[in-house]
Amino acid sequence: MLYFQRVGFLGGISLAAAALILLPIAAVLGSVFGAASDTWAHLLRTTLGTYVLNTAVLVAAVAAGVISMGVCSAWLVTAYRFPGQRVLEWALMLPLAMPAYVMAYAYTDWLQFTGPVQETLRALTGWRAREYWFPEIRSLGGAALMLSFALYPYVYLLARTAFLDTSRSALEAGRLAGLGAWGSFWRVALPIARPAIAAGTALALMETLADFGTVSYFGLEVFTTGIFKAWLSMGDRLAAGQLSACLLAFVVAVLALERASRGRARYAGAMRGPARPQRLSGAAAALAFLACAMPVLLGFLLPAALLVHLAWPEPDARASARLLVLIGNSCILAGLAAAAGVLLATAMAYAARLSPGRLIAAANRAASLGYAIPGAVIAVGVLVPLGRLDNWIAGGLEAALGMKPGLLLTGTIVALVYAYLVRFLAVALQTMEAGLAKVTPRMDDAARSLGATPAQALARVHAPLLASSLGAAALLLFVDVMKELPATFALRPFNFDTLAIEAYNLAKDERLAEAATPSLVIVAIGLVPLLAITRRYFQATRS
């Protein structure tokens with residue numbers, strides 16, 4: 001009791017929110033303790049090893065992709081000045097608005113056997129089918145490329161911030177020790193930025209582990225597709241829960257590696273400001289421009305152009321009443337989830353700051369695990385407690401008033417927003433924790449000395465200082481919900497479709513030209529807040 005009095009009201013909100021977030025995950029993982037079914041025995045004999053191997057290879061490939069693109073581009077736009085650098089430093093964020101599964105639709109149409117690339121190749125060479133080799137886009141390597149192009153901005157953003165915070169004195173000390181430009185990068189800047197790079201990579205890998213749209217469209221056997229197969233095709237929710245536990249082991253491994261990579265290292269900025277960027281010219285400037293432009297070209301400009309090319313011959317799909325309804329439904333869900341997620345994440349992060357004990361810290365970390373659980377599995381977990389609550393409410397109303405209200409929560413927007421919070425709260429929570437870490441504890445002491453309660457200090461002192469973090473958290477949640485597919489498909493109210501569902505249904509039927517329009521709208525809507533918050537962020541970092 002004394003402990004709960006000490007954590008206060010915000011600490012109570014944090015613990016209650018963590019419990020609500022963990023409830024669906026616990027409902028799903030509870031199936032692990034059930035008796036092994038015939039389906040599970042069949043998976044052990046046949047495909048489980050393939051799921052493990054493919055998932056591990058996919059994670060390793062995406063990690064290599066996001067680190068190489070994110071870190072290299074962040075260092076180039078931070079440490080050097082070259083033609084086009086000011087445009088590229090914010091353009092490198094654009095792939096964040098392009099879902100990986102939408103990118104997969106565009107590249108599949110472009111690179112498949114009947115696509116324009118191979119048709120042009122055959123026309124120029126006279127080759128026929130089976131007379132030449134061409135990379136298969138629907139493969140594990142293709143999925144890794146799509147996910148790397150879509151997710152490297154997580155690493156880029158955090159790495160760029162870390163490089164900007166690297167003091168000039170640290171780099172000058174490296175030069176005095178005889179290090180050149182790249183030596184200073186490898187021996188000084190990179191070790192200092194390692195915690196930020198690890199955090200961005202962990203976010204990208206959790207998103208990779210939770211991906212369903214890309215791997216299912218490419219027909220890959222990984223844990224997420226195996227969970228869907230066990231649940232939907234084989235009708236065995238117990239086996240799906242047991243596969244989810246295996247996936248959770250991958251999540252724990254990623255988080256453990258991220259924590260281990262930080263170790264006990266700590267870095268405090270020196271008194272001197274960031275290093276002065278070096279100006280490049282000639283071949284060096286061209287190479288720097290090319291290295292930064294390729295992720296933007298392949299991760300956003302090219303797939304967007306391909307989608308426009310697909311959608312242009314479909315005038316009915318471009319302007320229809322149904323499209324407006326889909327846009328409205330998607331924005332309602334994304335807006336509600338973003339508002340609720342930012343409020344919860346702020347309360348949880350601030351509670352951990354006020355009471356840095358193990359309980360709240362463990363609750364916050366546990367609540368982050370939902371980020372890597374597939375949306376369909378979370379949907380099953382949400383249905384279990386909400387279904388029981390609906391039955392309890394309906395039974396009470398019938399006994400007291402003779403009413404039969406039916407289902408009040410299941411199959412409603414409430415259930416959807418609940419699932420989104422379970423899935424995406426980690427994004428907002430990590431953003432708010434990073435923002436609060438930059439606010440000196442002296443601000444808390446000053447507020448308390450003036451008689452402000454913790455809630456008043458949060459509203460009047462910290463909130464203005466956290467404006468950029470609040471905006472970034474809301475942006476990331478909004479964009480993620482706009483792109484979310486499986487949980488929406490399973491939990492949406494009757495006749496309540498979104499842009500992601502429409503694009504998925506059309507692409508699944510190989511109607512890629514029709515799927516291009518809702519896919520483009522997803523990208524366009526995601527671009528609006530992305531460009532706004534990116535502009536504010538880069539203005540702040542330049543000042």
To the closest 0.5 Å, what do you measure between CG (Leu477) and CZ (Arg423)? 11.0 Å

Write out all pairs satisfying salt bridge (Lys or Arg N to Asp or Glu O under 4.0 Å) with one or both partners inside residues 486-505, taking only residues at least two apart or from two chains. Arg322-Asp497, Arg322-Glu502, Arg492-Asp497

Backbone of Leu92 reached by a side-chain donor or acceptor of Tyr152 within 3.5 Å: yes

Apply side chain to side chain contact (heavy atoms under 4.5 Å, CB included) to residues Asn505 and Lys508 and explain how you reach the verdict. CA-CA 5 Å; Asn505 286 334; Lys508 181 180 62 176; 3.9 Å; yes

On a heavy-atom basis, which atom in Ala507 and which in Leu512 lie closest, and how many Å separate them? CB-CD2, 4.0 Å

Determine whether the aromatic ring centres of Tyr101 and Tyr217 lie less than 6.0 Å apart. no

Shortest non-hydrogen contact between Tyr420 and Val481, atoms and distance: CE1-CG1, 3.6 Å

How far apart are the closest heavy atoms of Val52 and Phe250, and which atoms are they? O-CZ, 3.8 Å

When the ring planes of Phe212 and Tyr504 are compared, do they come out parallel, tilted or perpendicular, using 30° and 60° as the limits? tilted

Output the distance between atom OG1 (Thr108) and atom CZ (Phe218), rounded to the nearest 0.5 Å. 4.0 Å

From the list Leu209, Val215, Thr214, side chain to side chain contact (heavy atoms under 4.5 Å, CB included) with Leu58 holds only for Val215

Separation between CE of Met348 and CG of Leu425, rounded to the nearest 0.5 Å: 5.5 Å

Verify salt bridge (Lys or Arg N to Asp or Glu O under 4.0 Å) between Lys483 and Glu207, making sure each step is shown before the conclusion. CA-CA 12 Å; Lys483 298 185 290 186; Glu207 188 72 28; 5.9 Å; no

From CZ (Phe300) to CE (Met93), nearest 0.5 Å: 12.5 Å

Any sub-3.5 Å donor-acceptor pair from Ser216's side-chain atoms to Gly213's backbone N or O? yes

Leu220 and Thr225 have their tightest heavy-atom pair at O-OG1, 2.8 Å

Roughly how far, to the nearest 0.5 Å, is the CG atom of Leu203 from the OH atom of Tyr154? 6.5 Å

Keeping the roles fixed (side chain from Gln118, backbone from Leu111), state whether a donor-acceptor pair exists under 3.5 Å. yes

Kindly give the heavy-atom pair with the smallest separation between Met98 and Ala304, and that separation in Å. CE-N, 3.9 Å

Atom CG of Asp211 and atom CG of Leu485: how far apart are they, to the nearest 0.5 Å? 9.5 Å

Tell me the salt bridge (Lys or Arg N to Asp or Glu O under 4.0 Å) pairs involving residues 136-147, sequence neighbours left out? Arg138-Glu510

Nearest non-hydrogen partners of Pro99 and Val523, listed with the distance: CD-CG2, 4.1 Å

Passing option when Leu491 is tested against Ile378, Val414, Val382 for side chain to side chain contact (heavy atoms under 4.5 Å, CB included): Val382

